[in-house]
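We use all heavy atoms of the structure for the numbers below, so side chains are in, but hydrogens, waters and symmetry mates are not.
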Amino acid sequence: MPISWNEIRHNAIRFSREWSEEYREDAEAKTFWDEFFGVFGVRRRTVASFEHPVRSIRGTYGYIDLFWQGMVLVEHKSRGHSLDKAESQAFSYIQDLARAGRHDEIPRYVLLSDFALFALYDLEPEDPRDLPLFDQFHYRHVEFPLADLHRYIHEFAFIPGYKQHHFADQDPINIKAVEILGHLHDTLESGGYRGHELERFLVRILFCLFAEDTGLFERESFHLYIENRTSEDGSDLGQHLARLFEVLNTPPEERQANLDEMLAGFRYVNGELFAERLGFADFNREMRNALLGCTRFDWSKISPAIFGSLFQAVMQPKERRQLGGHYTSERDILKVVRSLFLDELRAEFARVRKNRAQLARFHTKLGTLRFFDPACGCGNFLVLTYRELRELEIEVLTTLHRRRKGEEEELDIHALSVVDVDAFYGIEIQEWPARIAEVAMWLMDHQMNLRLSEAFGRYFHRLPLRKSAHITQGNALRLDWKAVLPPQKCSYVLGNPPFVGAKFQNDQQREEMALVTNGLKHAGLLDYVTGWYFKAASYINGTSICVGFVSTNSISQGEQVGILWNELFSQGIRIHFAHRTFAWESEARGKAHVHVVIIGFGRGNSRDKRLYQYENGSATVTHPRNISPYLVEGRNMAVVNRETPLCDVPEIGIGNKPIDGGYYLFSETEKADFVRLEPQSAPFFRPWVGADEFINGYTRWCLWLGECPPSQLRRMPEARKRIEAVKAFRLASKSLPTQNLASTPTHFHVENMPDIDFLVIPKTSSEKRVYIPIGYVDRGTLVGDACFILPSDNLYYFGVLTSAMHMAWVRHVCGRLESRYRYSAKLVYNNFPWPENPTEKQKAAVETKAQRVLDVRAKYPATSLADLYDPLATPRDLTEAHRSLDRAVDHCYRRQPFNGDLSRITFLFDLYEKYTAGLLRVEKPPRRR
């Protein structure tokens, strides 16, 4: 009987390690191949011979280096030599065998090697006896280094006598795999097998699929058990699976003596994964075929980091085709892991690696670390954290136990590793992701045990499972985190709490936010993710724990900054590191449509503060003295709403707000038709400009009757119909203030009509624009409430507001609507720090450059502001005019040039702090009509 794959894997690890470290000359090639066959439990001399003669077409003889008739032909060269010649010789020998009519001797496989590299050809796809010539380029082949032999042992299944099986040549985590499992899920659910039992059942199935492809089970044991022991119609499959699950939970010594030999071959798993007794799942032929289809994928190539997300796609049928939107790319998770602890640990490893005593203490330290993810989902963050910690530990162990020349060291590999899955804790609100997280941790543990085996040449596993990650099912905002993991034992808190905007929270979530914010003023404006910040701040009180959370970038922009961070700062929280806004990506089908930040914080200051900035996909890191809540260098303070401007400048207000149901607004055509019916209405039509009209360059019309004399209005029946309609619309509203407006139906809810030309600032503008399109509107135009109005024609105000300095403030302080800028009077404009007492010459320079911007715009009368400020289409002369204006505004602030947004915003926050402390006074520029 062939030896087990686990034993073969153990032998392969030892063989590749020995021959890599102690390579002997070609004279010992026979020893190499004898030991190679020994890896698979086969004595070479019983199946294959060296220097096997073959007669060529010319009548001369060649000699095959190693030949197993009908099975494999081996050609080798000296280490480091090209295998091209060996390849040519091998296929030439096969042609010679065919010409000589020795078809029974023609091998299925060709193996080439230089004792450091293997190349294996499988000739089965085409029968070589039917080929007049043998072309190696037509056959499937694999190449790999000696050190990776244990990864390719199944390619050599023919040596120990196992039946060879090739997996489908496709991405093992592709949508097809999910659809197959999804089909199984759906058919079971439609048959009445659902809820907790279905979730548990599929978790076990996925574990078995993974286990048979990674060496936890014997190769193909799960597949063969289903195929050979169950009826083709699937009628008894549920019973057999239930029996298998029972066996997997039973130690060998407690199993029945007459247990089916295939079941007896499965290893004891434990870990409570198979402990619960589930009801039988009733299968049919189609469902059995679906499960067998699942076994044909190579699940070993699936990273346990996405194991849970794949399962999530299976459990959520509507979202299966968006596999990838559910889970985060490893690259982005590692941004948290590296910044929070890994970079620091690796730096410490580099410092102590040459001191054996210090290195041993460092290894012990790794075993004491505890990690906590209070929103762990399927465990992605915990799984990758575990992987990185085990990778580091393996490096430490190989350094600690590196053999000196002539030194022999006997090691108990099972006692080497001190990092285990029970050092990881999590909270998850749903049951099945919590269970998936536990399983994913076991699977990653097995992968890392194989890595440790590779490093030391001895096979290492942890079956039966005796430890598991501590995943608590519950609501993280209601649970006491200290009951999950006492903070005195915790080292780091990390994760990706749920993204739910303030306006999209359900009643339960609002109740939870009220619970954790404990009466904080304006807490209703905070996103759901901030609840984890408040819980973490309380949890780490009195400790040195550092926290790293991924969050929507809204918590570092707009109103939320002041509400959240001023409270956290008052509790002693300080930001230790931050990744500024970047796109949060998924692993499979492109990018998720969300922009995020990563914020690391703790009690008190950190000695090494780091700030990561992303541009064009690459990151740069700086080491600021302090990180402000806007994630720039600055002080621990946040801007809050102000009712009046910080500086002595005009106030801005919103435009007109009719609340008219659209009855007073007309397109060009509608206006013409109305005037044709009611000629007396013509003088009362005024141009109407909202944010969309202003930016995109079109005009609508508003029938403004607020100043129409009653006597004239009585003679305008069509206008009166509009008034009646507006009145009825307001009375029908559920809002009492709107109902009250019905008493004055010719007037707007908000009326803002300056008697001079004035500035318009759209409330919402694309973040892709370098500048918000700000501009002047004639005094006769009515501007809607989607814009702000600054009642001044002073070019100095226009110049500063459309400058790079003001845009730096906007980008960091304003809120966002999706990703677009959402300008605010109270937060952005009223808090903006205008230049400190600029000279008349400086102001005149700004006015001149501002007029130049307007003049260049006027050169393109048929082009909208949207097109003029499209970053891919902005005219060169407009770009140059803005740059010139930027320099003029910069000089009003200081002589030294600014080198980008970060230097500008840092300067502006310093200036803001001085203004709010009352240390500076700004003179008001003269108003000019």
Side-chain angles (χ1 to χ4, degrees), residues 2-17 19-20 32-42 44 47-48 65-76 83 86-87 90-91 94 106-128 134 136-172 210-224 295-302 447 450-451 453-454 459:
I3 63 176
S4 71
W5 282 113
N6 283 331
E7 189 175 352
I8 292 172
R9 181 177 289 104
H10 171 75
N11 293 342
I13 291 171
R14 187 188 67 249
F15 172 81
S16 59
R17 182 180 175 88
W19 279 90
S20 294
F32 178 91
W33 292 113
D34 284 347
E35 292 185 8
F36 176 83
F37 275 76
V39 167
F40 300 91
V42 174
R44 190 274 313 161
V47 295
D65 288 338
L66 179 63
F67 190 47
W68 182 354
Q69 294 184 14
M71 190 62 69
V72 63
L73 181 156
V74 178
E75 279 294 310
H76 58 243
L83 294 179
E87 182 180 70
F91 282 89
I94 293 177
I106 294 176
R108 174 177 170 176
Y109 301 94
V110 170
L111 177 60
L112 313 175
S113 178
D114 69 345
F115 305 102
L117 181 71
F118 289 100
L120 178 68
Y121 290 84
D122 182 354
L123 310 187
E124 187 183 56
E126 307 218 357
D127 189 342
F134 294 92
Q136 60 268 35
F137 300 109
H138 289 170
Y139 302 114
R140 189 186 74 87
H141 80 285
V142 293
E143 293 186 17
F144 56 91
L146 171 63
D148 287 345
L149 174 62
H150 65 283
R151 300 181 188 276
Y152 291 87
I153 54 176
H154 297 103
E155 298 290 343
F156 298 92
F158 62 89
I159 296 179
Y162 286 108
K163 181 181 177 182
Q164 185 74 320
H165 173 74
H166 296 302
F167 293 102
D169 186 18
Q170 55 185 313
D171 184 355
F210 193 98
E212 75 166 348
D213 286 344
T214 60
L216 278 171
F217 296 165
E218 284 297 305
R219 183 73 167 179
E220 295 196 65
S221 55
F222 183 58
H223 166 82
L224 292 175
T295 65
R296 296 189 179 98
F297 285 91
D298 188 357
W299 299 89
S300 68
K301 295 181 180 178
I302 296 177
Q447 284 193 349
L450 291 179
R451 292 292 304 275
S453 301
E454 296 169 21
Y459 185 57

Kindly give the heavy-atom pair with the smallest separation between A86 and L112, and that separation in Å. O-CD2, 3.8 Å

What pairs with I153 under side chain to side chain contact (heavy atoms under 4.5 Å, CB included), at least two apart in sequence or on another chain? W5, I8, R9, A12, F40

Quick one: closest heavy-atom pair of A119 and L83, and the distance? CB-CD1, 4.5 Å

Quick one: pull up CG in D213 and CZ in R219 and give me the separation to the nearest 0.5 Å. 5.0 Å

Going by the rule side chain to side chain contact (heavy atoms under 4.5 Å, CB included), which residues pair with A147 if we only count those two or more places apart in sequence or in a different chain? none

Min side-chain heavy-atom separation V110-I94 under 4.5 Å: yes

Taken to the nearest 0.5 Å, the spacing of R44 CZ from L66 CG works out to 6.5 Å

Using the test side chain to side chain contact (heavy atoms under 4.5 Å, CB included), find all partners of R151 that sit at least two apart in sequence or belong to another chain. D148, R451, E454

Who passes side chain to side chain contact (heavy atoms under 4.5 Å, CB included) against A211, sequence neighbours left out? F207, L216, F217

Tell me, with the steps shown, if F222 and T295 meet side-chain contact (heavy atoms from CB on, under 4.5 Å). CA-CA 8 Å; F222 183 58; T295 65; 4.1 Å; yes

Should L117 and L146 be marked as a side-chain contact (heavy atoms from CB on, under 4.5 Å) after you check the CA-CA gap, both sets of side-chain angles, and the distance that decides it? CA-CA 5 Å; L117 181 71; L146 171 63; over 6 Å; no

Verdict with supporting geometry, F156 and F37, side-chain contact (heavy atoms from CB on, under 4.5 Å): CA-CA 10 Å; F156 298 92; F37 275 76; over 6 Å; no

Flag, side chain of E212 to backbone of H223, donor-acceptor distance under 3.5 Å: yes

Can you check whether R108 reaches F158 side chain to side chain, under 4.5 Å on heavy atoms? no

List in chain and number order the residues that pass ring pair (Phe, Tyr, Trp, His ring centres under 6.0 Å) with F144, two or more places apart in sequence or in another chain; answer none if no residue qualifies. F118, Y152

Any Y121 side-chain heavy atom under 4.5 Å of L111 side chain: no

Minimal heavy-atom distance between F36 and L149, with the atoms involved, is CE1-CD1, 4.1 Å

May I ask you to decide if the ring planes of F115 and W33 are parallel, tilted or perpendicular, using 30° and 60° as cut-offs? tilted

Heavy-atom side-chain contact between E35 and W19 under 4.5 Å: yes

Please name the pair of heavy atoms, one in E75 and one in A90, separated by the smallest distance, quoted to 0.1 Å. CG-CB, 4.0 Å

For D65, give me all partners under side chain to side chain donor-acceptor pair (under 3.5 Å), at least two apart in sequence or on another chain. none

